[in-house]
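Because the structure is predicted, anything quoted here is derived from the model rather than measured. The figures here come from the full heavy-atom set of this structure, side chains too, leaving out hydrogens, waters and symmetry mates. Residues take their numbers from the sequence shown, with the count starting at 1.
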Amino acid sequence: MTDIREHVLKIKHISVIFDGFKALTDVDINVKRNSIHFFIGPNGAGKTTLLDIICARTKPTSGTVHYYPLGRNAVRLTGMKEYQIVNEGIGRKFQVPSVFTALTVMENMVLSLKGHKRVWESLFYKLSDKDEMAIMEVLRKVGLADRADVRAGSLAHGEKQWLEIAMQLVQKPEIIMLDEPAAGMGKPETFRTGELLKEIKKDCTVIVVEHDMDFVKQIADTVTVLHEGKVLMEGAVDEVLADQTVQAVYLGRGGERYAGN
C-alpha cells in the first residue's frame with residue numbers, strides 16, 4: 001500500500017515497435033505523486049512517444065501503464081481511449097499552444113470546463129458563481145486574471161502557454177503532462193513558468209518533456225534520461241547531469257541547454 005500511495009503512475013515494461021523500429025524498449029518508470037518529473041534525452045530517444053503511450057495516442061506493443069488516483073482504485077490506462085484518460089484526471093498540453101485565438105481568455109477557460117466541450121454551447125453557457133470563482137482562481141495562479149477579457153490571439157507567446165496550462169488546471173487533473181512548455185520563451189518567461197509549475201505540483205503531479213537544461217535544473221524533482229528508447233538513468237537532476245555516461249551520450253552532443261525532441 002505504501003508504494004501505491006507514494007506513486008501516482010507506474011509504467012511497466014513498455015515497448016513500442018513501429019514497422020520494425022524500436023521506439024521504446026522495456027521502459028520502467030514510477031512517477032511520484034506531487035512531483036515534477038522530467039523525461040529528457042537526445043533526438044529520437046522516445047520521450048514524446050512515452051507521453052503518447054500514457055494518454056493513449058499510441059498503443060504499446062507490450063507493457064502496461066497504471067494510474068493511482070487519490071481515494072479511488074487503481075486504473076489500468078493501457079487499452080483505454082484518450083477521452084477516458086482525460087476524464088480520469090490526466091491532462092496533456094502539447095508544445096504548440098492550441099488556444100482559440102478568436103475567443104477571450106475567459107471564453108477559452110469556459111470551453112475547458114468539464115461538461116462544456118462544445119464551442120457553441122459554451123459561448124452561451126451561463127457561468128455559475130462557483131465556476132467563475134474556479135476559473136478566476138486558476139487565472140490568478142498563472143498570472144492572467146487581469147487578461148480575462150482579452151482575446152487569446154493578442155497574448156504574448158508565454159501568456160498563451162500559461163493560458164493553455166490554465167485550461168488544463170481548471171479541469172482539476174491529478175496529472176498534467178507538458179511537452180516542452182518553455183519552447184520559444186525568453187529566460188524571464190521560462191523562469192516564471194518554472195515557478196508556476198512548482199506551485200502547481202502542490203495540487204497536481206507534473207510530467208515534463210523538455211530540452212532546456214537550465215529549466216530542468218530550476219524545478220526538477222526527478223529526471224529520467226531516455227536514450228535510443230531505453231531508460232539510461234534516473235534520479236535527482238544534479239546526480240543525473242553529473243553522470244559520465246549521460247554526458248557522453250547526451251550532453252556532450254549538444255551542450256547542457258538543448259537535448260532535442
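At least one donor-acceptor pair closer than 3.5 Å links the side chain of Gln247 to the backbone N or O of Leu241. A donor-acceptor contact shorter than 3.5 Å is absent between the side chain of Asn34 and the backbone of Thr205. Between the side chain of Tyr67 and the main chain of Glu88, a donor-acceptor pair closer than 3.5 Å is present. With hydrogens and angles ignored, the 3.5 Å screen pairs no side-chain donor or acceptor of Thr64 with any backbone N or O of Thr78. Remark: the backbone N or O of Phe191 is paired with a side-chain donor or acceptor of Gln218 at under 3.5 angstrom. For Glu164 (side chain) and Lys160 (main-chain N/O), no donor-acceptor pair under 3.5 Å exists by modelled atom type. Using a distance-only test at 3.5 Å, with no hydrogens or angles considered, a donor-acceptor pair links the side chain of Glu107 to the main chain of Thr104. Not one N or O on the side chain of Glu174 forms a donor-acceptor pair closer than 3.5 Å with the backbone of Ile90. Judged by distance alone, with hydrogens and angles left aside, the side-chain atoms of Thr101 form no donor-acceptor pair with the main-chain N or O of Ala152 at under 3.5 Å. Proximity of a side-chain donor or acceptor of Thr224 to a complementary backbone N or O of Phe39 within less than 3.5 Å is not detected.
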Discussion item. Does His13 form a side-chain hydrogen bond (donor to acceptor under 3.5 Å, both in side chains) with Ser62? I'd like the steps, not just the answer.
Written reply: CA-CA 7 Å; His13 306 304; Ser62 60; over 6 Å; no
Discussion item. Test side-chain contact (heavy atoms from CB on, under 4.5 Å) on Phe215 and Met185; report intermediate values, then the result.
Written reply: CA-CA 11 Å; Phe215 185 60; Met185 291 186 182; over 6 Å; no
Item to complete: For the pair Glu6 and Lys32, evaluate salt bridge (Lys or Arg N to Asp or Glu O under 4.0 Å) and give the outcome as yes or no after the intermediate values.
Response: CA-CA 6 Å; Glu6 180 183 6; Lys32 289 185 178 180; 3.5 Å; yes
Practice prompt. Take Val27 and Lys230 through the side-chain contact (heavy atoms from CB on, under 4.5 Å) test and state the conclusion after the steps.
Written response: CA-CA 6 Å; Val27 170; Lys230 300 178 182 178; 5.8 Å; no
Practice prompt. Could you go through the side-chain hydrogen bond (donor to acceptor under 3.5 Å, both in side chains) check for Lys93 and Gln161 one step at a time?
Written response: CA-CA 9 Å; Lys93 179 200 167 307; Gln161 298 278 19; 2.3 Å; yes
Item to complete: Starting from the C-alpha separation in whole Å, work towards a yes-or-no answer on side-chain contact (heavy atoms from CB on, under 4.5 Å) for Val75 and Leu77.
Response: CA-CA 6 Å; Val75 178; Leu77 300 182; 4.0 Å; yes
Worksheet item: Does the pair Phe18 and Thr49 meet the rule for a side-chain contact (heavy atoms from CB on, under 4.5 Å), with working shown?
Response: CA-CA 11 Å; Phe18 297 122; Thr49 300; 4.2 Å; yes
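We find the CG-CE distance between Leu226 and Met233 to be 13.5 Å, quoted to the nearest 0.5 Å. A distance of 4.5 Å separates OH of Tyr68 from NZ of Lys10, quoted to the nearest 0.5 Å. Separating the CD1 atom in Ile200 from the OG1 atom in Thr193 is a distance of 9.5 Å, to the nearest 0.5 Å. For the atom pair CG (Asp26) and CD1 (Ile14), the distance works out to 9.5 Å, reported to the nearest 0.5 Å.
For the residue pair Lys141 and Leu196, the shortest heavy atom distance occurs at O-CD1, 3.5 Å. Summarising the geometry of His157 relative to Ala183, their closest heavy-atom pair is NE2-O, 2.8 Å, with the distance given to 0.1 Å. Considering every non-hydrogen atom in both Leu24 and Ala45, the closest pair reads CD2-O, 4.4 Å.
Side-chain contact check for Trp162 versus Arg192: some heavy-atom pair is nearer than 4.5 Å. When side chains are defined from C-beta on, Leu9 counts as touching Ile207, because their heavy atoms get closer than 4.5 Å. Residues His37 and Glu234 are in side-chain contact: their nearest non-hydrogen atoms beyond the backbone lie under 4.5 Å apart.
In summary, Glu210 and Lys47 do not engage in a salt bridge, as defined by a charged side-chain N under 4.0 Å from a carboxylate O. Ion pairing between Asp214 and Lys187 fails under the 4.0 Å rule for side-chain N and carboxylate O. We find that Asp52 and Arg92 are joined by a salt bridge, their nearest charged nitrogen and carboxylate oxygen being less than 4.0 Å apart. Using a cutoff of 4.0 Å between basic side-chain nitrogens and carboxylate oxygens, Glu159 and Arg147 are scored as salt-bridged.
Counting non-hydrogen atoms of neighbouring residues, nucleotides and ligands closer than 6.0 angstrom, the CG atom of Asp149 reaches no more than 12 such neighbours. The number of heavy-atom neighbours closer than 6.0 Å to NZ of Lys198, taken from other residues, nucleotides and ligands shown, is above 12. Within 6.0 Å of NZ on Lys12 lie more than 12 heavy atoms contributed by other residues, nucleotides or ligands.
Put simply, the residue from Asp28, Ile53, Leu50 that forms a side-chain contact (heavy atoms from CB on, under 4.5 Å) with Ile11 is Leu50.
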